[in-house]
There are 2 protein chains.
Amino acid sequence: MQNRLTIKDIARLSGVGKSTVSRVLNNESGVSERTRERVEAVMQQHGFSPSRSARAMRGQSDKVVAIIVTRLDSLSENLAVQTMLPVFYEQGYDPIMIESQFSPAMVEEHLGMLQRRNIDGVVLFGFTGIRAEILARWQPSLVLLAREAKGFASVCYDDEGAIQTLMQRLYDRGHRHISYLGVPHHDVTTGQRRHQAWLTFCKQHELATVSALPGLTMKQGYEHVAQVLMPETTALVCATDTLALGASKYLQEQRIESVQLASVGNTPLIKFLHPEIVTVDPGYAEAGRRAASQLIEQINGRSEPQQIVIPATLS
Amino acid sequence: MQNRLTIKDIARLSGVGKSTVSRVLNNESGVSERTRERVEAVMQQHGFSPSRSARAMRGQSDKVVAIIVTRLDSLSENLAVQTMLPVFYEQGYDPIMIESQFSPAMVEEHLGMLQRRNIDGVVLFGFTGIRAEILARWQPSLVLLAREAKGFASVCYDDEGAIQTLMQRLYDRGHRHISYLGVPHHDVTTGQRRHQAWLTFCKQHELATVSALPGLTMKQGYEHVAQVLMPETTALVCATDTLALGASKYLQEQRIESVQLASVGNTPLIKFLHPEIVTVDPGYAEAGRRAASQLIEQINGRSEPQQIVIPATLS
DNA sequence: CTGTTAGCGCGTTCAA
DNA sequence: TTGAACGCGCTAACAG
């Protein structure tokens with residue numbers, strides 16, 4: 001708003017030229033210690049901070065990144081975003097948030113907007129169905145979360161590991177009839193991989209395979225548990241804790257206490273409501289941190305797009 | 001990144017001067033219909049969009065606003081933010097998100113950063129304990145949510161109305177022993193007002209007043225319900241649905257089915273997990289929309305800071 | 001090592 | 001009604 005001071009002012013106040021101030025500002029070499037210190041002192045004293053827009057105009061980067069979540073109230077995505085924000089802020093990036101509501105059209109529209117705005121980078125949460133040509137332009141400055149795609153940077157959870165850990169734990173506790181409640185295979189990670197890992201474990205240990213893949217809402221969990229509860233079932237693995245919440249509601253209502261629930265994802269909500277559920281932590285917090293720093297590295301050209309997998313830990 | 005075209009290019013391509021393009025861009029008067037149409041056609045055709053940073057540098061506004069939530073995973077705040085985002089995007093504002101974690105120090109620090117960045121405005125969620133002199137500088141471009149302060153714009157929920165509605169409903173259903181589980185009074189809105197409204201209703205109808213004000217976490221709800229459950233208690237009003245979730249967990253565990261729960265806040269989670277709970281909708285969605293548009297109006301100088309109250313509706 | 005100069009893309013005079 | 005010139009705050013190229 002009002003007359004903020006500029007490098008010109010700082011220059012005048014410290015008796016040097018504009019460009020020297022600029023050099024100090026950007027930690028460039030070629031400035032004597034004495035001058036640098038003097039200039040820095042003046043900047044401190046006046047609480048000077050350079051105009052973002054002016055820098056952006058020269059440098060082609062306004063230091064803004066976008067985080068596109070599927071839903072603001074996704075428990076798991078929240079945990080990742082929570083650790084992501086501080087990283088961005090520390091590095092001077094402004095993170096703007098966008099909700100995709102699982103709509104590819106909406107994502108494409110937003111990506112278009114982001115491009116027109118010349119945004120620096122994007123973190124895109126678990127998403128499929130976006131046209132390749134749209135995504136392609138973002139290849140150097142995009143990090144996918146919980147999804148991977150050839151040539152793109154991504155941070156994924158160890159779906160197989162998570163399910164294996166869960167199954168092994170249940171198996172060790174003596175369970176031999178472990179049903180599965182999951183997500184359809186068009187969701188490659190949460191859907192296909194987790195289901196497949198469960199199938200594999202069952203095969204290896206010669207267990208019967210009773211499963212359903214209704215989707216990822218609580219309601220779907222609630223409505224479809226019954227399908228996978230056989231008389232002999234003693235445990236149920238859920239692909240997500242949201243599903244587990246739905247399932248657990250059903251079990252409570254039916255007063256079924258003989259079934260051990262287990263799920264991927266240890267959100268605070270489920271830990272509180274149902275501490276008896278066995279969970280593995282897919283590493284949401286770590287995933288957020290990694291995604292943010294990976295994106296920043298890419299933006300600065302310090303790293304090529306990489307595929308990162310976060311190990312799951314029993315919780 | 002690469003050579004985006006500028007107004008200069010558009011000017012050349014449409015055979016006019018830069019300033020004419022600028023005028024068209026800003027819908028200024030003083031441009032003939034023919035020229036305007038021609039220029040607009042060229043802009044359309046080349047998908048031109050002006051550089052944000054360049055405009056910002058001239059106009060002192062980069063069209064960025066900040067939304068400071070207490071927690072990313074707050075159920076109620078999520079609902080408000082969800083309706084807020086589209087409003088900002090429609091008006092060309094980039095909403096950046098910040099989590100305060102209920103820490104006044106953190107908010108002050110972030111406000112400082114936002115000021116250095118020359119942000120246009122801030123939506124600040126339910127917060128007290130920030131020094132007045134800090135907040136003062138933001139007075140023209142700040143909207144408080146779920147909190148009010150003299151001289152500041154705010155969007156609040158109708159705490160009294162919500163509780164009254166709830167109580168009346170319970171009373172009509174024949175309940176005469178209605179306990180209360182709430183939040184300490186240092187939280188003026190969710191704490192004091194709701195509690196006071198409950199007290200008032202009880203006085204008017206000569207009901208006994210059994211209550212506890214543990215805080216606003218589920219855990220606190222869970223741990224303190226017992227205190228307010230008398231043998232004669234038939235209903236329990238909770239100040240927030242988070243508290244209600246905690247309380248309800250306790251009731252389930254104790255197999256207590258004789259107590260009707262009621263709470264302020266109809267988040268999808270509680271509607272699904274406990275549809276039997278009587279809830280009022282404080283109007284989260286509407287609050288988000290109003291807050292966003294109020295902020296934009298203020299930024300553009302089209303409105304003075306106002307105090308808005310959203311009516312509660314039975315849900 | 002440092003100051004001077006020239007733009008970046010846009011809005012805003014001021015003449016024409 | 002329009003265009004040319006200037007400057008916003010900053011960085012980069014070039015002098016000194």
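Sequence lines set the chain letters: A, B, ... in the order given, protein chains first and strands last, and positions in each chain run from 1.
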Atom-pair distance (NZ on A/K8; P on C/dG3), nearest Å: 16 Å
Spacing of A/R36 atom CZ relative to C/dT2 atom C1', expressed in whole Å: 13 Å
Pairwise 5' ranking along DNA chain D for B/A54 and B/V16, keeping only the more 5' one: B/V16
For atom CD1 of B/I7 and atom C1' of C/dC8, their distance in whole Å: 12 Å
Listed nucleotide nearest any side-chain atom of B/S32, set D/dT2, C/dT12, D/dC10: D/dT2
Check: D/dA12 base within 3.5 Å donor-acceptor of A/S22 side chain: no
Polar side-chain contact A/R23-C/dG3 base: donor and acceptor under 3.5 Å: yes
No-H, no-angle donor-acceptor pair, A/T20 side chain to C/dG3 base, under 3.5 Å: no
Side chains of A/I68 and A/V122 in contact at under 4.5 Å (non-hydrogen atoms): yes
Protein-nucleotide distance (A/I10, atom CD1; D/dT11, atom P), rounded to Å: 13 Å
Proximity to the side chain of A/P50 - top-ranked nucleotide from C/dG11, D/dC10, D/dT2: D/dC10
B/R71 backbone acceptor or donor facing B/S74 side chain under 3.5 Å: no
Non-hydrogen side-chain atoms of B/P95 and B/Y89 separated by less than 4.5 Å: yes
Contact under 4.0 Å: A/S19 side-chain N or O vs C/dT5 OP1/OP2: no
Nearest-nucleotide pick for A/R58, side chain only, options being C/dC8, C/dC10, D/dT2: C/dC8
Atom pair distance, as rounded to whole Å: CE in B/M57 and C1' in C/dC8: 8 Å
Atom-pair distance (CZ on B/R38; C1' on D/dT1), nearest Å: 12 Å
Euclidean distance, atom CD of residue B/E28 to atom P of D/dT1 [Å, nearest integer]: 13 Å
Separation of C/dC1 C1' from A/E37 CD (nearest whole Å): 15 Å
Nucleotide nearest A/K18 when distance is taken to its side chain, options C/dT5, C/dG9, D/dA12: C/dT5
Validation row: A/V65, A/D94 side chains within 4.5 angstrom (heavy atoms): no
Donor + acceptor pair across side chains of A/T70, A/E77 (<3.5 Å): yes
Presence of donor-acceptor pair under 3.5 Å, side chain of B/T35 and base of D/dT1: no
Out of D/dA12, C/dC1, D/dT11, whichever nucleotide has its closest atom nearest the side chain of A/R55: D/dT11
